[in-house]
Amino acid sequence: MLNFSELYPCSNQARMAQLLDGMWKFRFDPEEKGLQEGWQHKLPDPISMPVPASFSDFFTTKEERDFCGDFWYETEVFVPREWEKQELEIRFGSITHRASVFCNGSLTATHEGGFLPVVARVTDHVKFGEVNTFVVKANNELNEESLPCGATMVLSDGRKLAKPYFDFFNYSGIQRSVWLVSKPGESIEDFSVDYELNGEDAVVHYQIMTNGDHEVSFELFDENKQQVAKSTGAKGSVTVSKAHLWNVGKAYLYQAVMRIWDGETLIDEYSSKIGIRTVKIAGKEIQINGKAVYLKGFGKHEDFEVIGRGFNWGVLKRDFECMKWIGANCFRTSHYPYAEEWYQFADEEGFLIIDEVPAVGMMRSTRNFADAGTGKFTRFFETPTVPTLLKNHLQAVEEMIVRDKNHPSVIAWSLFNEPETTSEESKDYFTAVFDAARALDPQSRPMTGAFEKNSQPELCKCYQLCDFICLNRYYGWYIKGGPEIVDAREAFLIEMNKWKDKNLNIPFVFTEFGTDTMAAEHKLPSIMWSQEYQNEYLDMNFEIFDQFEFVQGELVWNFADFQTTEGIMRVNGNKKGIFNRVRQPKSAAFVLKKRWESLD
Ligand code: GCB
């Protein structure tokens, strides 16, 4: 059980939510002296820093861009006297990767993990009718106990440097919106919904979690704001007759309004959009509302010029427009849960999401791409750090499922990306993760994880945990690229036939396949890195996918070029985007558009 409410902030007659985004104060703390020197009260000699944003790409020196260690944020907020009888929380969409939150100098919350909300109860520390100081001490070091996994090295000049076991740049900071929330002492802490379709009608099972005993009501309103169902009690079921279902590309959202009552007097109110739909794995099919859907789309990143991983509505809007134009219906939140606004918009647009926990880098050799995929075994799940890693993994899974469970767009949970899966230890580890996750989702959505090349059918000990299997495969890129693509095709076919021979009778989705491609590079005949090669590679992959009826989806890697750690495998970032980093199409975008439109 989480000891804080993850509900997205809203304002109504019982609650107020004030957005604290804007220019904050900021300071690096390479010597880790901030706490002793009292920075939790006020930052000495701060610089300015936009929130939300990653701090790295604002700077013009490498020392600042690549900073690894402790860093601090501060803002001042006037808290009105009218809020005196309310409970107050400061809520960060995320702070990467760990944080302590201070209110007027007092520690109010600590949090591990950089991609899920940090909520601090500050009621006992704020001064009503006055300006209050909120300070955050954050840290972006990587290790093998936290998610995502990596290491931190110390350079000869004493500076720390992040060494991720993954390729995306270790963007850090307050990367999502911050809210000051005022709500009643007795309040709605969480709610969940689940659906059953019954002919033209739908039964909505609901549960409302409060921290008190007063009477609770639940109402549903349609898009014309007409009430379509009402019930009382913290747990119950309502029937919506002639229900409008939420469908792929055709979203329909009802408004759920929950209230706590003391007789006729309102104590608390919370409302949220919900979409009535079912998700089921039926044999080899992924079914939404009982109908098979083939997943078409992308693995993405939260990544853009200048703001790094910072949330931005404009980037979100452009990404959805590009995804609709190309005929996509799905994306995976590789490799961490995204800002909540992504899910809200996917709910509105009828997009499907595979929601991924930040369990990436659970194989030491992935820090060196030349090693990854070679079968080199690194005993990742046999080290003394594993119990703490598992604890943090379970916490992230719980926070993700609690946060995202009511989004109709979320159709599956991805509980890892490319870990070692061939040892008994990995099997034990992931069995614990899957068992915990299954107990958390009121909608019992399918659970999966993305497997890399070493997780071959005859070796992998973890695919058995999945309701459908996600494969990340690079035959024709990391394996037998360029002139060897004919052999890549053969090797790919051999692997696919091995999966086929297992007769698993469950769907497979390709969650990664792609080639690095320079947006300006053309070559006839093609060579690797040219636009022509990306197209040939995609055609080869599609020809294989289409031979196996259990392949029920293709999420190409990646939606757009993105920033990575520097190295010999990357040219100012990963260039596997179908769009470049500023969201203009490469030639492959037209290949995908043609195929995906024809698959409708
Ligand atoms: C992978 C990883 C992804 C990388 C990608 C690549 O297997 O899951 O994070 O970006 O390969 O391009 O190498």
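For ligands, and for the atoms within them, numbers begin at 1 and follow the listed sequence.
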Should you measure from each heavy atom of [X], which atoms of ligand 1 turn up under 4.0 Å away?
X: Y474; answer: 1 (C), 5 (C), 6 (C), 7 (O), 11 (O)
X: Y478; answer: 6 (C), 12 (O), 13 (O)
X: F562; answer: 10 (O)
X: D167; answer: 4 (C), 9 (O), 10 (O)
X: H335; answer: 3 (C), 8 (O), 9 (O)
X: N574; answer: 6 (C), 10 (O), 12 (O)

Exercise. Taking the inter-plane angle between the rings of F510 and F492 on a 0 to 90° scale, is it parallel (under 30°), tilted (30 to 60°) or perpendicular (over 60°)?
Worked result: perpendicular
Exercise. What is the ring orientation for F451 with F416, classed by angle as parallel under 30°, tilted 30 to 60°, or perpendicular over 60°?
Worked result: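 Perpendicular: the ring planes of F451 and F416 meet at over 60°.
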Exercise. Less than 4.0 Å between a side-chain N and a carboxylate O, is that true for K324 and E321?
Worked result: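 Yes.
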Where on [X] is there a heavy atom closer than 4.0 Å to ligand 1, on the side chain, on the backbone, on both, or on neither?
X: F451; answer: neither
X: D516; answer: neither
X: E512; answer: side chain
X: R570; answer: side chain
X: N417; answer: side chain
X: F168; answer: neither
X: W557; answer: side chain

For the residue pair [X] and [Y], is the inter-centroid distance of their aromatic rings smaller than 6.0 Å?
X: W477; Y: Y537; result: no
X: F381; Y: Y429; result: yes
X: F59; Y: F67; result: no

Exercise. Which residue pairs pass the salt bridge (charged side-chain N to carboxylate O under 4.0 Å, His left out) test when at least one of the two sits in residues 395-417, sequence neighbours left out?
Worked result: D190-K405
Problem set entry | ring pair (Phe, Tyr, Trp, His ring centres under 6.0 Å) partner of H301, the single match among F579, F559, W557, Y338 |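 Passing option: W557.
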For this session: Would you check whether E452 reaches within less than 4.0 Å of ligand 1, judged by its heavy atoms?
Result: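 For ligand 1, residue contact (heavy atoms, under 4.0 Å) with E452 is absent.
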N/O donor-acceptor pairs under 3.5 Å from side chains in residues 303-313, not counting sequence neighbours:
unit_1	atom_1	unit_2	atom_2	d
D303	OD1	R581	NE	2.7
D303	OD1	R581	NH2	3.3
D303	OD2	Q563	N	3.1
D303	OD2	R581	NH2	3.2
R309	NH1	E302	O	2.6
R309	NH1	Y336	OH	3.0
R309	NH2	F169	O	2.6
N312	OD1	G314	N	2.8
N312	OD1	V315	N	2.9

